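To keep things clear, I will list the structure first and then write my remarks on it.
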Amino acid sequence: VEDEAELQQILLLQTENLSHHISPEELASQGFVTIRHDINTLLKMHALAPSVIVKDKGIVVGYALTMLKECRQLIPGLEPMFAVFDRLTWNDKPLDQYNFYIMGQICVARPFRGHGLLDTLYQFHKKCYGTRYDLLVTEIATRNKRSLRAHEKAGFKTIHIHQDQMDEWAVV
């Protein structure tokens, strides 16, 4: 991401794919996002570490939000996720002893799905942040089967499943 206009485009794509904006059939087959960000939050996240996007003809068609641990206070709805991360281990070591960051959200526009853009977004994340961080961690609603399959294909491993007031989540 290079400017606020691209962040605004992320918000448009995000709104189109929020779980409560799509049909149950599309939700089951195409996946969804659950958290709605605002421009001020994205600007603060971007100031800490820019997110990654894919554009087609100047329009954002995919994004992968970079969320550092320092963003914990920016989105109160994500506090349960951070609290779970505080208690987890990976390879017999507490997760908080790793230098990790969070995939704040990832989304690809409908016409561009199935063309490898999720992998492209993650590979560019690795290029940008792979030398600075040990791990990239995120959580996915277990009912989001498409996203779970895509993340597994990209090499993510489920390390924990938990329930909160919003949904059941797989931490990967």
Side-chain angles (χ1 to χ4, degrees), residues 1-21 31-55 60-86 88 90 95-96 98-109 112-113 117-130 132-144 146-148 150-152 154-160 162 164 166-172:
V1 171
E2 295 179 350
D3 58 34
E4 188 173 335
E6 291 173 342
L7 294 174
Q8 292 287 0
Q9 289 183 46
I10 286 171
L11 291 175
L12 288 173
L13 184 54
Q14 181 182 76
T15 299
E16 292 171 6
N17 290 280
L18 284 167
S19 58
H20 58 279
H21 286 179
F32 55 90
V33 296
T34 54
I35 299 289
R36 171 109 171 74
H37 296 79
D38 59 50
I39 192 63
N40 291 330
T41 300
L42 288 185
L43 284 166
K44 290 174 185 172
M45 289 169 57
H46 177 73
L48 293 169
S51 294
V52 173
I53 57 173
V54 173
K55 293 171 80 171
V60 173
V61 298
Y63 65 83
L65 299 181
T66 307
M67 180 181 287
L68 303 187
K69 291 185 271 186
E70 294 83 354
C71 296
R72 186 173 187 150
Q73 304 305 316
L74 293 179
I75 307 168
L78 292 181
E79 178 54 34
M81 175 189 76
F82 282 102
V84 168
F85 291 177
D86 290 343
L88 294 180
W90 171 248
L95 192 60
D96 66 4
Y98 288 95
N99 185 23
F100 73 91
Y101 73 106
I102 297 106
M103 175 52 53
Q105 190 175 76
I106 191 163
C107 183
V108 174
F112 296 88
R113 293 177 186 158
L117 291 186
L118 183 125
D119 193 51
T120 299
L121 289 162
Y122 273 128
Q123 288 305 315
F124 198 74
H125 255 272
K126 186 174 185 177
K127 180 181 175 184
C128 293
Y129 298 108
R132 284 177 42 194
Y133 295 95
D134 303 319
L135 300 172
L136 172 59
V137 181
T138 194
E139 67 177 9
I140 303 161
T142 58
R143 61 189 173 102
N144 195 339
R146 184 183 184 114
S147 184
L148 287 170
H151 282 80
E152 183 178 289
F156 284 83
K157 306 282 186 239
T158 299
I159 63 170
H160 180 75
H162 69 98
D164 67 14
M166 193 183 318
D167 222 321
E168 181 181 75
W169 302 96
V171 178
V172 300

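Below, each value reflects all heavy atoms present in this structure, side chains not excepted, and no hydrogens, waters or symmetry copies. Just so it is clear, the structure is predicted and the values come from calculations on it, not from any experiment.
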**Crowding at NZ, Lys69 (>12 non-hydrogen neighbours, <6.0 Å)** = yes
**Request:** Please assess Ile102 against Leu136 for the test side chain to side chain contact (heavy atoms under 4.5 Å, CB included), listing each intermediate value before the final yes or no.
**Result:** CA-CA 6 Å; Ile102 297 106; Leu136 172 59; 5.7 Å; no
**Pairwise side-chain contact, His20 with Thr34, heavy-atom cut-off 4.5 Å (strictly under)** = no
**Prompt:** Is there side-chain contact between Met81 and Val84, with at least one heavy-atom pair below 4.5 Å?
**Reply:** no
**Message:** What's the separation between atom NE2 in His151 and atom CG in Asp119, rounded to the nearest 0.5 Å?
**Reply:** 11.0 Å
**Asked** Name the one of Ile53, Leu65, Leu42, Thr66 that satisfies side chain to side chain contact (heavy atoms under 4.5 Å, CB included) with Val1?
**Response** Ile53
**Item:** Under the side chain to side chain contact (heavy atoms under 4.5 Å, CB included) test, residues paired with Ala141 that sit two or more places apart
**Value:** Phe32, Arg143, Asn144, Asp167, Trp169
**Prompt:** Would you say the side chain of Met103 lies within less than 4.5 Å of the side chain of Ile106, judging by non-hydrogen atoms?
**Reply:** yes
**Item:** Chi angles and distances behind the side-chain hydrogen bond (donor to acceptor under 3.5 Å, both in side chains) call for Glu139, His162
**Value:** CA-CA 10 Å; Glu139 67 177 9; His162 69 98; 2.8 Å; yes
**Request:** Taking side chain to side chain contact (heavy atoms under 4.5 Å, CB included) as the test, write out the residues that go with His21, two or more places apart.
**Result:** Thr15, Leu18
**Asked** What is the distance from atom CG of Leu7 to atom OH of Tyr63, rounded to the nearest 0.5 Å?
**Response** 11.5 Å
**Close side-chain approach of Met67 and Phe82, heavy atoms under 4.5 Å** = yes
**Asked** Where do Val61 and Leu13 land on the side chain to side chain contact (heavy atoms under 4.5 Å, CB included) test, with the steps shown first?
**Response** CA-CA 7 Å; Val61 298; Leu13 184 54; 5.6 Å; no
**Prompt:** What residues, two or more places apart in sequence or in another chain, satisfy side chain to side chain contact (heavy atoms under 4.5 Å, CB included) together with Lys44?
**Reply:** Leu74
**Asked** Step by step, would you call Val108 with Leu121 a side chain to side chain contact (heavy atoms under 4.5 Å, CB included)?
**Response** CA-CA 10 Å; Val108 174; Leu121 289 162; 4.2 Å; yes
**Message:** Parallel, tilted or perpendicular, judged at 30° and 60°: which one describes the rings of Tyr129 and Tyr101?
**Reply:** tilted
**Asked** Donor-acceptor pair, Glu152 side chain versus Leu148 backbone, under 3.5 Å?
**Response** no
**Request:** Run the numbers on Leu68 and Tyr133 for side chain to side chain contact (heavy atoms under 4.5 Å, CB included), then give the verdict.
**Result:** CA-CA 10 Å; Leu68 303 187; Tyr133 295 95; 3.2 Å; yes
**Minimum heavy-atom distance Met45-Ile75, with the two atoms named** = SD-CD1, 4.3 Å
**Message:** If I take atom CG from residue Asp38 and atom CG from residue Leu11, how far apart are they, to the nearest 0.5 angstrom?
**Reply:** 7.5 Å
**Message:** Using the ring centroid of each side chain, check whether Phe156 and Tyr122 are separated by less than 6.0 Å.
**Reply:** yes
**Request:** Find the distance between SG (Cys71) and CG (Leu48) and round it off to the nearest 0.5 Å.
**Result:** 5.0 Å
**Request:** Mark yes or no for whether Asn17, through its side chain, and Cys107, through its backbone, hold a donor-acceptor pair below 3.5 Å.
**Result:** no
**Item:** Spacing of CG belonging to Asp96 relative to CH2 belonging to Trp90, to within rounding of 0.5 Å
**Value:** 16.0 Å
**Prompt:** Can any side-chain N or O of Gln14 pair as donor or acceptor with the backbone N or O of His37 at less than 3.5 Å?
**Reply:** yes
**Message:** For a 4.5 angstrom cut-off between non-hydrogen side-chain atoms, does Glu4 reach Leu43?
**Reply:** yes
**Asked** Out of curiosity, Thr120 OG1 to His125 NE2, how far, rounded to the nearest 0.5 Å?
**Response** 12.5 Å
**Message:** Under a 3.5 Å distance rule, please check whether Asp134 uses its side chain to pair with a backbone N or O of Tyr98 as donor and acceptor.
**Reply:** no
**Request:** Please report the shortest heavy-atom distance between Ala64 and Ser51, naming the atom on each side.
**Result:** O-CB, 3.4 Å
**Prompt:** With a 4.5 Å heavy-atom cut-off, do Val171 and Leu88 have their side chains touching?
**Reply:** yes
**Message:** Within the 4.5 Å heavy-atom criterion, are Asp86 and Arg72 side-chain neighbours or not?
**Reply:** yes
**Request:** Please name the pair of heavy atoms, one in Thr142 and one in Glu168, separated by the smallest distance, quoted to 0.1 Å.
**Result:** OG1-OE1, 2.7 Å
**Prompt:** For the side chain of Gln105 and the backbone of Ile35, is there at least one donor-acceptor N/O pair under 3.5 Å apart?
**Reply:** yes
